[in-house]
Amino acid sequence: MDYRVQGNDIIVFEPDLDLDETLDCGQAFRWKKIPSDYECTYEGAFLNDKLTVSQLSKGSFIFHNTDENAFISRWISYFDFETDYSELKRAFSEDETLSKACSFAGGIRLLRQDSWECLISFIISQNNNIPRIKGIIDRLCDNYHGRFPDHEQLSRETADTLSYLRSGFRAKYLADAAAKVADGSADLAKIAEMPIENARNELKKIKGVGPKVAECVLLFGMYRTEAFPVDVWIKRVLAEYYPGGFPGYLSDKAGIAQQYLFHYIRSISKDKE
DNA sequence: CGCCAGGACGCCC
DNA sequence: GGGCGTCATGGC
């Protein structure tokens with residue numbers, strides 16, 4: 001990644017990033033595509049820092065109204081710019097299916113998101129579809145002036161007072177997650193550092209957090225790249241392309257590989273329709 | 001109308 | 001431990 005300051009903006013050069021592929025691939029739900037004269041433009045946030053970012057062309061971007069300090073302290077980490085995805089994809093390409101997935105959408109990166117926001121978001125995601133997940137999270141943030149509520153704020157709610165979300169049976173799970181994080185019985189910072197099996201078990205003590213959601217929180221919210229969420233789409237990939245199991249030599253980065261596969265199989269299925 | 005969605009829970013055996 | 005019905009909501 002290379003960048004330069006241009007007025008109030010930062011111009012970024014990174015061949016291994018595509019905004020559509022990274023911000024709209026089901027790992028984060030709060031980025032919104034807005035009309036612009038650029039290839040594409042997204043508005044979103046990490047914690048309390050909002051961002052408008054545009055793709056100018058393949059591999060070049062503009063971080064609007066972003067000063068260099070904020071870019072360095074916040075967005076380099078969030079977009080995982082310190083990781084060399086070309087090198088990652090070279091390793092992935094030793095596998096035939098993964099090689100196809102990487103050439104299909106090579107601009108996917110694993111975002112380093114906030115663990116609390118991921119916990120809530122992926123509890124909402126269970127047995128749900130992506131457009132509706134986004135809608136529920138929109139209504140949640142609208143209720144807090146456009147910001148994602150912290151655990152203190154959400155712990156004051158109950159399943160009843162959360163009915164405006166129209167999140168269905170998941171509302172009681174959200175209330176339990178907020179209560180456990182707020183009272184310290186679920187310490188997300190501590191869980192993030194645990195051996196992965198212990199971390200899974202701790203997360204699953206929260207109601208509504210099973211194997212899949214725990215894995216998503218570990219991968220997307222704690223940058224545990226060995227976490228490997230298996231949803232209905234990845235089940236199809238495993239059954240069709242990896243009947244003998246997922247390659248072991250990829251295990252420490254399996255979660256990142258999973259992102260390419262998830263996007264790939266969903267796109268193929270759409271084409272068939 | 002029925003089927004599905006980045007599943008988990010409760011109950012059964 | 002595995003199998004199965006149920007759980008809200010909305011898009012298709």
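Proteins get letters first, then strands, A, B, ... in listed order; numbering begins at 1 in each.
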Quick one: side chains of residues 20-27 of chain A, donor-acceptor pairs under 3.5 Å with protein atoms, not counting sequence neighbours, listed by atom name and distance.
| residue | atom | partner | partner atom | Å |
| --- | --- | --- | --- | --- |
| A:Asp20 | OD1 | A:Lys33 | NZ | 3.0 |
| A:Asp20 | OD1 | A:Tyr42 | OH | 2.4 |
| A:Glu21 | OE1 | A:Gly107 | N | 2.7 |
| A:Thr22 | OG1 | A:Asp18 | O | 3.2 |
| A:Thr22 | OG1 | A:Gly107 | O | 2.7 |
| A:Thr22 | OG1 | A:Arg109 | N | 3.1 |
| A:Asp24 | OD1 | A:Lys134 | NZ | 2.8 |
| A:Gln27 | OE1 | A:Leu111 | N | 3.1 |
| A:Gln27 | NE2 | A:Thr22 | O | 3.2 |
| A:Gln27 | NE2 | A:Arg109 | O | 2.7 |

Over all strands shown, is [X] touching base, sugar-phosphate only, or nothing at heavy-atom distances under 4.0 angstrom?
X	answer
A:Cys118	nothing
A:Phe220	base
A:Glu215	nothing
A:Val213	sugar-phosphate

Length of the [atom1]-[atom2] vector between [X] and [N], whole Å:
X	N	atom1	atom2	answer
A:Asn128	C:dC7	CG	P	17 Å
A:Gln126	B:dG7	CD	P	8 Å
A:Lys172	C:dA8	NZ	C1'	9 Å
A:Arg170	C:dT6	CZ	P	17 Å
A:Leu174	C:dC7	CG	P	19 Å

| request: Would you please indicate if the ring centroids of A:Phe63 and A:Phe79 are separated by under 6.0 Å? | output: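 Ring centres of A:Phe79 and A:Phe63 closer than 6.0 Å.
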| query | How about A:Tyr3 and A:Phe71: are their ring centres within less than 6.0 Å of each other? | reply |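 For A:Tyr3 and A:Phe71, the ring centres are under 6.0 Å apart.
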| message | Has A:Arg112 got a side-chain atom pairing as donor or acceptor with A:Asp80's backbone, closer than 3.5 angstrom? | response |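 No; zero donor-acceptor contacts below 3.5 Å.
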| task | Measure from the side-chain N and O atoms of A:Trp116 to the backbone N and O of A:Pro149, and report whether any donor-acceptor pair falls under 3.5 Å. | result |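 Yes, the answer is positive, given that a donor and an acceptor are paired below the 3.5 Å cut-off.
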| message | Please identify which of these residues, A:Arg30, A:Lys32, A:Arg132, meets the salt bridge (Lys or Arg N to Asp or Glu O under 4.0 Å) condition with A:Asp138. | response |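 Testing A:Asp138 for a salt bridge (Lys or Arg N to Asp or Glu O under 4.0 Å) against A:Arg30, A:Lys32, A:Arg132 leaves exactly one candidate, A:Lys32.
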Using a 3.5 Å cut-off and no angle test, enumerate the donor-acceptor pairs between side-chain atoms of residues 231-238 of chain A and protein atoms at least two apart in sequence or in another chain.
| residue | atom | partner | partner atom | Å |
| --- | --- | --- | --- | --- |
| A:Asp231 | OD1 | A:Trp233 | N | 3.4 |
| A:Asp231 | OD1 | A:Ile234 | N | 3.0 |

| Could you give the distance from OH (A:Tyr38) to NE2 (A:His64), rounded to the nearest 0.5 Å? |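 Going from the OH atom of A:Tyr38 to the NE2 atom of A:His64 covers 4.5 Å.
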| task | Quick one: pull up CG in A:Asn198 and CG in A:Leu203 and give me the separation to the nearest 0.5 Å. | result |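 Nearest 0.5 Å value for the CG-CG distance: 11.0 Å.
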Show me the protein contacts with nucleotides 10-12 of chain C, counting only N or O atoms at under 3.5 Å.
| residue | atom | partner | partner atom | Å |
| --- | --- | --- | --- | --- |
| C:dG10 | OP1 | A:Arg166 | NE | 2.5 |

Strictly under 3.5 Å: I want the nitrogen or oxygen pairs between protein and nucleotides 9-13 of chain B, one per line.
| residue | atom | partner | partner atom | Å |
| --- | --- | --- | --- | --- |
| B:dC9 | OP1 | A:Gly208 | N | 3.0 |

| query | In dot-bracket form, how is DNA chain B paired, counting a Watson-Crick or G-U wobble pair only if both its distances are under 3.5 Å and using | for bases paired to another strand? | reply | .||||.|||||||
| Partner set under salt bridge (Lys or Arg N to Asp or Glu O under 4.0 Å) for A:Lys89, not counting sequence neighbours |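 Residues passing salt bridge (Lys or Arg N to Asp or Glu O under 4.0 Å) with A:Lys89: A:Asp16.
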| said: Is there a path of hydrophobic side-chain contacts, each under 4.5 Å between heavy atoms, that joins A:Tyr223 and A:Ile120? | reply: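 In one cluster with A:Tyr223: A:Ile120, yes.
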